[in-house]
Amino acid sequence: MSLFDEDDLPQTHSQVLARKWRPRDFASLVGQAHVVKALTHALTEKRLHHAYLFTGTRGVGKTTIARILAKSLNCEMGITPTPCNKCQACMEIDAGRFVDLLEIDAASNTGVDDMRSLIENAVYMPTAGRYKVYLIDEVHMLSKSAFNALLKTLEEPPAHVLFILATTDPQKILPTVLSRCLQFNLKQMPPADIVAHLTHILEAEKVVFEPAALHMIAKGAQGSMRDALSLTDQAIAFSSSNVSLTAIQDMLGTTDGAQIEAILRALVQKDGAKLVELAEQMTQRSTSFYDATLELAQALYRISLAQVVPDAKPDDYQLAQLVTELAPQMGADEVQLYYSIVTASREQLHLAPDAQAGFTMMLLRLLAFSPAKDGVSPAKKS
Ligand SMILES: Nc1ncnc2c1ncn2[C@@H]1O[C@H](COP(=O)(O)OP(=O)(O)OP(=O)(O)O)[C@@H](O)[C@H]1O
Ligand SMILES: [Zn+2]
C-alpha cells in the first residue's frame, strides 16, 4: 500500500491478478479465520476497539482486511460484518478513493509533521461515512517523535475514529503503542490454500494450467498470496497462457522437482549414462547445482523418514509422490549413505573445476556406492 492508491498508478502486468482478486468481503478471504471471527463478532455486537494492529509478512491480507473493516463500518446499510459492496461508500473504499479512509504509508511519511497534521485532522467528523478510518501501513517505520504524536491520539481517540496499524515488523513497535492496540497476527498462507485459491482464479480466468505448476508457484511464494498472484501473472505472460510445470521451472530457474526425481530414479536403476545426461540438461537450463544438492538431500531425508514413519508425508505435493514411490525401493542404509555423500559434496562443490563437473562427480560417487542387485556394491566388486 502506498500514499497514492495503487489504482492510480499505471497498471503493470504483475499487479493485475492481485488487484482484480483482492477479496471484497470476509467470506472470500483465504485463511485468517481467527481474525475474521473476532472482527465479525465485534461488528455484530457493535463493540469495536479503537485501534487494531495487524502484523504479518507481506501479502497475507493486512490491507485487504483493513479495507473490508472500513466498509463494514461505513456501509450505507449500517454497521455490519457483511458490507453490501454496492453502496457508494463500499464502492469508493474498494476503489481506494473514500474520503474517510486515510491510508498512510509510514515508510514514506515517517516525519512528525506528517503525523501531526494527520492527527489534527482526526478531531473533525467524517465527511461521508460514520467512521474515519486511519490505516497506517508499515507503522514500524515512523520516527520516534512521530510515534509519540500518534500515541497521544491513540490514548484517547475521538469516538468517530478507528486506527488500523499494519506492520511486517512488530518487534520495532513501542510497547506503549502495542498496549493500546488490539493485536492480530496474520498467518502465512499454507501452500495448499494458495494452490486452491490459484486454481479457483485460473479456472475463472479460463487460463489453462497444470496442477503441479501451481504447487511450484505456491512453493515459490513462501506464504505470501500477493507473491503467488504476481508469480502467476508472470507465468501467464511467460508461458502464453499455458501454465505448465516446465514453464514455471524455466521461469523460476529453480531446481526442477522432476530433475531430482529423475536423478533418484536413475540411481535406483543404476543408469550412469542417464545421470550424466541429467547433469548436462541441468547446465543447459541453468539450474543451480547448489540448490539441486539441497533438494536432493531434502528428498533423501524425506525418504528416510518415510521408511521409518510411513505417515510422515511432506506437504510438498511432488515430493510426497516421489517419497511414496521410492521409499519402498531403497534400503535404509543406502539412503543414509547417499545423504552423507550429498551433504559432503555440497560443501565441496565450489572446489570442483566447474559446477557441472562437481555435480556429475557427486552423482557418479552415489552410483559407485549404490548397492548392486546382489547386495554387493559395485565399488567393492571391481
Ligand atoms: N488472505 C488472503 N486471501 C486472498 N487474497 C489475499 C489474501 N492476502 C493477500 N491476498 C492477495 O494479495 C494482495 C495483496 O494483499 P494485501 O495488500 O492485503 O497484503 P498486505 O498483507 O497488506 O501486504 P503488505 O504488507 O505488503 O501491504 C491482495 O490484493 C489479494 O489479491
Ligand atoms: Zn455498502
Side-chain angles (χ1 to χ4, degrees), residues 1-3 5-7 9 11 14-36 39 43 52-96 98 100-101 103-108 128-131 135-141 164-170 184-190 192-202 204-205 217-218 221-233:
M1 193 191 73
S2 73
L3 186 59
D5 187 83
E6 51 191 22
D7 299 282
L9 298 173
Q11 193 168 303
S14 65
Q15 292 174 321
V16 176
L17 284 181
R19 268 179 48 190
K20 182 167 174 193
W21 289 89
R22 187 193 282 282
R24 297 168 70 210
D25 40 41
F26 288 128
S28 48
L29 203 70
V30 177
Q32 319 304 8
H34 60 303
V35 185
V36 170
L39 292 178
L43 286 161
Y52 289 88
L53 174 65
F54 295 144
T55 63
T57 50
R58 77 240 170 273
V60 292
K62 298 185 295 295
T63 310
T64 304
I65 292 175
R67 285 197 183 179
I68 300 172
L69 183 55
K71 285 193 289 190
S72 299
L73 291 169
N74 285 310
C75 176
E76 288 165 18
M77 304 296 150
I79 296 181
T80 166
T82 51
C84 76
N85 284 332
K86 291 192 187 86
C87 71
Q88 187 144 0
C90 283
M91 290 200 312
E92 286 186 4
I93 291 170
D94 276 336
F98 186 64
D100 294 317
L101 172 59
E103 300 193 12
I104 300 106
D105 182 5
S108 46
R130 263 174 231 107
Y131 279 89
L135 170 52
I136 309 180
D137 205 7
E138 297 304 339
V139 67
H140 64 272
M141 302 287 279
I164 303 172
L165 313 182
T167 181
T168 47
D169 199 354
F184 287 110
N185 188 19
L186 302 203
K187 302 205 168 94
Q188 297 214 353
M189 303 271 109
D193 288 7
I194 295 183
V195 170
H197 194 53
L198 295 181
T199 302
H200 169 70
I201 290 176
L202 291 185
E205 297 278 341
I217 290 177
Q222 296 185 351
S224 163
M225 193 62 92
R226 191 218 311 284
D227 288 4
L229 290 169
S230 307
L231 282 173
T232 307
D233 270 319

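Note: hydrogens, waters and symmetry copies are ignored here, and every other heavy atom, side chains too, is used. One-based numbering, in listed order, for ligands and for the atoms of each.
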Should [X] be listed as contacting ligand 1, given a heavy-atom distance under 4.0 Å as the test?
X	answer
Pro23	yes
Met189	yes
Gly31	no
His197	yes

Should [X] be counted as touching ligand 1, given the test is an N or O pair under 3.5 Å?
X	answer
Leu17	no
Arg226	yes
Gln32	no
Arg22	yes

Find all atoms of ligand 1 within a distance of less than 4.0 Å from any non-hydrogen atom belonging to [X], and give their numbers and elements.
X	answer
Leu229	11 (C), 31 (O)
Ala18	28 (C), 29 (O), 30 (C), 31 (O)
Asp137	27 (O)
Thr64	15 (O), 16 (P), 18 (O), 28 (C)
Met225	5 (N), 6 (C), 7 (C), 8 (N), 9 (C), 10 (N), 11 (C)
Arg58	23 (O), 25 (O), 26 (O)
Trp21	31 (O)

Would you sort out whether Tyr52 and Val35 count as a side-chain contact (heavy atoms from CB on, under 4.5 Å), showing the intermediate values? CA-CA 11 Å; Tyr52 289 88; Val35 185; over 6 Å; no

Is any side-chain heavy atom of [X] less than 4.5 Å from a side-chain heavy atom of [Y]?
X	Y	answer
Asp94	Arg67	no
Pro81	Ser72	no
Arg24	Lys71	yes
Thr82	Asp25	no

Taking side chain to side chain contact (heavy atoms under 4.5 Å, CB included) as the test, write out the residues that go with Ala128, two or more places apart.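 Ala128 satisfies side chain to side chain contact (heavy atoms under 4.5 Å, CB included) with Phe98, Val99, Asp100 once adjacent residues are dropped.
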
Non-neighbouring partners of Glu205 that pass side chain to side chain contact (heavy atoms under 4.5 Å, CB included), sequence neighbours left out: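 Per chain and number, Glu205 pairs via side chain to side chain contact (heavy atoms under 4.5 Å, CB included) with Leu17, Lys20, Trp21, Ile201, Val207.
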
For [X] and [Y], which heavy atoms make the closest approach, and how far apart are they?
X	Y	value
Ala70	Leu101	CB-CD1, 4.0 Å
Ala228	Leu198	O-CD2, 4.3 Å
Val195	Thr199	O-OG1, 2.7 Å

Please walk me through it: do Leu69 and Leu43 pass side-chain contact (heavy atoms from CB on, under 4.5 Å)? CA-CA 9 Å; Leu69 183 55; Leu43 286 161; 4.1 Å; yes

Cut-off under 2.8 Å, centre the Zn ion (ligand 2), protein N/O/S atoms: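 Sorted hits: Cys75 SG, Cys84 SG, Cys87 SG, Cys90 SG.
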
Pick from Glu138, Arg19, Lys62: the one approaching atom 21 (O) of ligand 1 most closely through a non-hydrogen atom: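 Considering heavy atoms of Glu138, Arg19, Lys62, the nearest to atom 21 (O) of ligand 1 sits in Lys62.
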
From atom 22 (O) of ligand 1, work out which of Val36, Leu29, Thr63, Asp193 has a heavy atom at the shortest distance.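 Of the listed residues, Thr63 has the closest heavy atom.
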
Judged by atom type as modelled, is there a donor-acceptor pair below 3.5 Å linking the side chain of Gln32 to the main-chain atoms of Val60?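 Present.
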
Given Ile93 and Ile68, is the side-chain contact (heavy atoms from CB on, under 4.5 Å) satisfied, shown in steps? CA-CA 8 Å; Ile93 291 170; Ile68 300 172; over 6 Å; no

Go through it in stages, so that I can follow the logic: the residues are Met189 and Lys187, the test is side-chain contact (heavy atoms from CB on, under 4.5 Å), and I'd like the CA-CA distance, side-chain angles, deciding distance and then a yes or no. CA-CA 6 Å; Met189 303 271 109; Lys187 302 205 168 94; over 6 Å; no

Please name all residues satisfying salt bridge (charged side-chain N to carboxylate O under 4.0 Å, His left out) with Asp227, sequence neighbours left out, ordered by chain then number.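 Salt bridge (charged side-chain N to carboxylate O under 4.0 Å, His left out) check on Asp227 returns Arg58.
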
For ligand 1, note which part of Ile65 has a heavy atom under 4.0 Å away: side chain, backbone, both or neither.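 It is neither part, as no heavy atom is under 4.0 Å.
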
